[in-house]
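What follows is a set of notes on a single structure, which appears directly below.
In what follows, chains are A, B, ... by sequence order, proteins preceding strands, each numbered from 1.
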Protein chains: 2
Amino acid sequence: MVTEAGGDAREATRARIEAAALELFTRRDFETVTADEVADAAGISRRTFFRHFATKADAVWGDFHAHVVRLDELLAGTDPDQPVLASICAAYVEVNDYAAADLPLLRHRMRLILTEPALQAHSQVRYADVDRVVAEHVARRTGADRHSLVPRLVATATRAAATTAFETWLTGEGSLAEDLHAAFDQLARGFPGLR
Amino acid sequence: MVTEAGGDAREATRARIEAAALELFTRRDFETVTADEVADAAGISRRTFFRHFATKADAVWGDFHAHVVRLDELLAGTDPDQPVLASICAAYVEVNDYAAADLPLLRHRMRLILTEPALQAHSQVRYADVDRVVAEHVARRTGADRHSLVPRLVATATRAAATTAFETWLTGEGSLAEDLHAAFDQLARGFPGLR
DNA sequence: TGCCCGGTGGCACTGGGTGCCACTAGCGTC
DNA sequence: GACGCTAGTGGCACCCAGTGCCACCGGGCA
């Protein structure tokens, strides 16, 4: 294989795989596309595909770990006077603040993740990291043990809010930030009218 | 195969598979146990295993569909004067009201589902049915479209509460009903102290 | 007896994922 | 220039989940 100047050759093939995967998965079903086909489309071997992505599903997620790290940093840097829920909402909005040019890509990606059963299932594993980070933030702010009810519950409930916001964003026309704020607002007010 | 008097022979083998699977998965890891091993332990062939359960993971869940149906009926039969969140909480408590003798089994099952990554992932698919049922209930009660923000959000958030309640129940000593009420209470009050 | 039918077992096949080995290109060292 | 090192790759064999197909076997029924 030709190594194109510098050590970012690996990053380049990774990006090529990612693009090929997203294109194929969007054009057809996720399940009917085999790893071989993605590898072919990306111009690499099946074995190499699984060296870059542990799972077929992982190719859809891009560098999600970087997002989690960023979310963690954002949460750690929030104003202690800001209400906890508001700080989580702000961090979610910030970490999902994509440039306009990247929005179509994000739409494709999220549509896949929220629609395809296999990817829906896989998302649970990825979101576990998010939950851990948020629960630790809540624990820091409240002094509670991070394994106790409130930190865990806030983490899973806010993630539920974020996921639902993504769903409404996909089907609607508003901005993602608006939808996130709307969902968090409902959550923080304890669903007014339903109590 | 010997057909043991009546048409419930199928149900009997299904129960045998389920017991063998739970026992093996609890004793070792879920992933390291092969479908062949479960089939052997249950005294049937691998092919028959997959006739009773579409997935290795499904053997852990028992007849979950019946639970969803029951939850749906409970929600449909709730008092219209009762607050919506309270009606969902009550339905969750009711559908998880196990006899004391069945609690150890439930603990094993839930520990597996909440601990093993593969089962965590699979749970997302099963819980999608629960979310649909709850969202429809909220839509009925509020008059909102069942695909709009509030019904969806209430469904995912209450499920998050229920899941978290199961986690605290597993690690603590309280009753499941208590933990469910505690989680729903936090949720319905919008997390007092965090706003 | 002949027929249907539900449950079963065996077998071959696809596809995801892994371990192992061999090859190559780049790079520094003597 | 020969040497070794390393990162990235390809190929191959293998394991395992899940499926389609066919053959068998038992019980009920005309």
Euclidean distance, atom [atom1] of residue [X] to atom [atom2] of [N] [Å, nearest integer]:
{"X": "B/F30", "N": "D/dC16", "atom1": "CZ", "atom2": "P", "result": "14 Å"}
{"X": "A/K56", "N": "C/dG15", "atom1": "NZ", "atom2": "P", "result": "9 Å"}
{"X": "A/D40", "N": "D/dT9", "atom1": "CG", "atom2": "C1'", "result": "15 Å"}
{"X": "A/R14", "N": "D/dA7", "atom1": "CZ", "atom2": "P", "result": "18 Å"}
{"X": "B/D36", "N": "C/dC11", "atom1": "CG", "atom2": "P", "result": "13 Å"}

Below 4.0 angstrom from OP1 or OP2 of [N], is there any side-chain N or O of [X]?
{"X": "B/T48", "N": "C/dG9", "value": "yes"}
{"X": "A/T13", "N": "D/dG8", "value": "no"}
{"X": "A/T32", "N": "C/dG15", "value": "no"}
{"X": "A/H52", "N": "D/dG8", "value": "no"}

Heavy-atom nearest nucleotide on DNA chain D for A/F49 versus B/V33: which residue maps closer to 5'? A/F49

Candidate list B/V130, B/V134, B/D63, test side-chain contact (heavy atoms from CB on, under 4.5 Å), partner B/V68, passing option: B/V130

Per the side-chain contact (heavy atoms from CB on, under 4.5 Å) rule, which among B/N96, B/D179, B/I113 passes with B/F166? B/N96

Is the gap between the ring centers of A/Y127 and A/W61 under 6.0 Å? yes

Can you tell me which nucleotide in [options] comes closest to the side chain of [X]?
{"X": "B/T34", "options": "D/dG18, D/dC16, C/dG17", "value": "D/dC16"}
{"X": "A/R47", "options": "D/dC21, D/dG10, C/dG17", "value": "D/dG10"}
{"X": "B/R10", "options": "C/dG16, D/dT9, C/dG7", "value": "C/dG7"}

For a quick check of understanding: with a heavy-atom distance under 4.0 Å over all strands, which category does B/V38 fall into, base, sugar-phosphate or nothing? nothing

Sidechain N-carboxylate O distance under 4.0 Å for A/E18, A/R109: yes

Earlier contact from the 5' end, DNA chain C, for A/R51 and A/R46: A/R46

